[in-house]
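The shown structure was predicted, so the numbers you read here are calculated from the model rather than taken from an experiment.
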Amino acid sequence: MDSRNKLVYLDSIYSYSNSLKNDAINRNFLFLLAAEYYYLNFPKKSFVVCNNLLEMSNNAKDTLDIAKSYYYMGDCYETSKRDSAYFYYQRAERLYRLKGNYEKVAKMIFNKAYMLYYEGNYLDSEIMVSDALQLLKKSNDTELIYTAYTLLGSNFEKLEEYDSALKYYLLAQKILPDLLKNPTDITKINNYKVTTAVNIATIYDKTAQYDASIKSLNSIITPELKKNWETQYATAIGNLGYSKMKSGQLEGVEALFKEALKISLNKGNESSISYKYSNLGEYYAVVKDTTQSIHFLKKSLKFGEKYKSTNDLKNSLKLLSAIDYRNAPKYDKRYIILNDSLTKVQRNNRNKFARIEYETSVIEEENKILNVKITNIIIGAVLLCFLLIAIIIYRYIKSKKVEIEMLLKQRKAEEEIFKLLQENQIKMNLAKVAEQNRISRELHDGVLNKLYGTRLQLGILNESDKEDIKVKRLTYVDLLQEIEKEIRDISHDLHSDIFNGAFNYVSLLNSLINEQNELKTTNFLIEIDSTIAWENISGLIKITIYRIIQEAIQNVIKHANAKVCNIEITKFENNELHLTIKDNGVGIDSNKKESEGIGLKNIKNRAKSLNSRLILTSELGKGTKIEVVITN
């Protein structure tokens, strides 16, 4: 099935999958579908499936599938929009960290490092790869470790730290046999072999070890490579030609370069053509054929511009400047501009601690003896760590102190509330005792005396059967009915719920208002939002509201000369409590310094203790309004 027919087939499958329920089986199937679109080079279609998967995974609250969706979405953008790819990999990394899946965390960090590498940010890429390798020290994912070593070597190569670059390329080569044990993809494994040999050869070229470079490349150039993997063969012979040219072995070099170029042109591998044209241009410069050299270098420049291959552009401009004397200033200027633009990316001072930490841990595991210089660095680092730990401990203790202070305030507030409840309960008990005494007196002085008198009279009258005596007895029977009614009324009083013992914060506030209204100076009215769940509000807030109302009432009684004072407590959607106290008294003259008395200062201090907002508005002759906005 060709790719076009396969695409139609995949589209029909995707349409059908939309009718299936959102379960793990369907989501796994869609992940496979997204991967198929990706490998067929249809990243946009793959992204659509992944976006759908993200929504499904969110609805199912499956964190790992959400992370996987972000991971796949990042892959869709890895060659087109690297900043978007980086964003999605970052999101996936955070979720994998949350679930403790550190191999996947390492993979996401590696992917981000890969994006940074192709953006020319080699320092940050190097740090990230080192972080990934730290997480992979106990991993069995040999392929990921291999690619991480390779990327780390590539970063060092770009930073011109060739010893470090060679070290990691050789580490990558060392674990290649482990990949060959389970060759799930022969083509991929072969690509790794060729890539590693070419990378090592490149470092040898850059350090003028051309014989070692030629040896590395000859180890992979075989008839089998040419037959089955022609593109990789072209890369290998192109690099072999370059190594021979630099070593002065010019025989057969031109043929190698032209064969490599021809294969790339036939295969349509245009991204590598710039480099191959550059090799030919440099070769003709070596053999003093200036015309041919300029011709091929200009072609290299053209392809380098088309594919934004910075290294090829720099190399071509540098060679053209040396060979094409007439146009040298123009090429020099372009080279400087290009080089400056690359330098800007890496201009900021970067911390290499992540790489140093990784390499230090490897050295410690291999039990290598540290020299005096490294020992001093470690001692300095340890002292710095102790200093940082001391700072962290100090800040922790300081934060704990603040937390304890808040707890003490809260406890004190709760104790105040409890004390108020006790006081109120005592008042209720006293009232209850008084009421019981009243009922007792009524029973003793009224009902019992009447019953006793009636009993005596009926006893006397009961001895006679005269008609007038019978009438008198009926009178006393009526009196017994009256006594019965009195007993029923007293019983009703005893069953009333005036003293049912129930109590809450709203009752406490109402009790405060009722007490003040007994003074009959100002009519205090309170309205409390019934939707407020006072049991969920801290004691500190409740006692502060109580004390502010108490202080405000005293101010109104002493200074306001108000007829009415309205108190209102309301709740807003963002869990804010609004306390409003408004009177129609004489108001406050804000121009007088003495206008703000102790009571108002106390109200402001209490509001400030909760970090709440206090708004005071007053006008002479029209009263005063206090508003306190408290965040619960």
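- Using a 4.0 Å cut-off between a side-chain N of Lys or Arg and a carboxylate O of Asp or Glu, Lys206 and Glu157 qualify as a salt bridge.
- With a 6.0 Å cutoff to the six-membered ring centre and a 45° limit on the axis angle, Lys107 does not count as a cation-pi contact of Tyr71.
- A salt bridge links Arg334 with Glu305: the distance from a Lys NZ or Arg NE/NH1/NH2 to an Asp or Glu carboxylate oxygen falls below 4.0 Å.
- Between the Lys267 side chain and the Glu230 main chain, no donor and acceptor come within less than 3.5 Å of each other.
- For the residue pair Thr196 / Tyr146, a side-chain donor-acceptor distance below 3.5 Å is found, with atom types taken as modelled.
- In this structure, Glu576 does not pair ionically with Lys571, as no charged nitrogen and carboxylate oxygen lie closer than 4.0 Å.
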Start with the C-alpha gap between Tyr118 and Tyr114, add the side-chain angles, then the distance that decides, and say whether ring-ring contact (aromatic ring centres under 6.0 Å, His included) holds.
-> CA-CA 7 Å; Tyr118 279 99; Tyr114 188 75; 4.9 Å; yes
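- Using modelled atom types, one finds no donor on one side chain facing an acceptor on the other under 3.5 Å when comparing Glu224 with Thr222.
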Please test Tyr70 against Tyr89 for ring-ring contact (aromatic ring centres under 6.0 Å, His included), starting from the C-alpha separation and ending with a verdict.
-> CA-CA 6 Å; Tyr70 282 132; Tyr89 290 144; over 10 Å; no
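- Neither side chain, Tyr88 nor Glu93, offers a donor N or O lying under 3.5 Å from an acceptor on the other.
- With 3.5 Å as the limit, one finds no donor-acceptor pair spanning the side chains of Asp178 and Thr142.
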Would you please test Tyr37 and Asp11 for side-chain hydrogen bond (donor to acceptor under 3.5 Å, both in side chains) and show each step?
-> CA-CA 9 Å; Tyr37 276 128; Asp11 287 344; 2.4 Å; yes
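- Salt bridge present: Asp65 and Arg27 bring a charged side-chain N and a carboxylate O closer than 4.0 Å.
- In this pair, Phe31 and Tyr72 present their aromatic rings perpendicular. The plane angle is above 60°, beyond the 30 to 60° band.
- A donor-acceptor contact closer than 3.5 angstrom links the side chains of Asp124 and Asn121.
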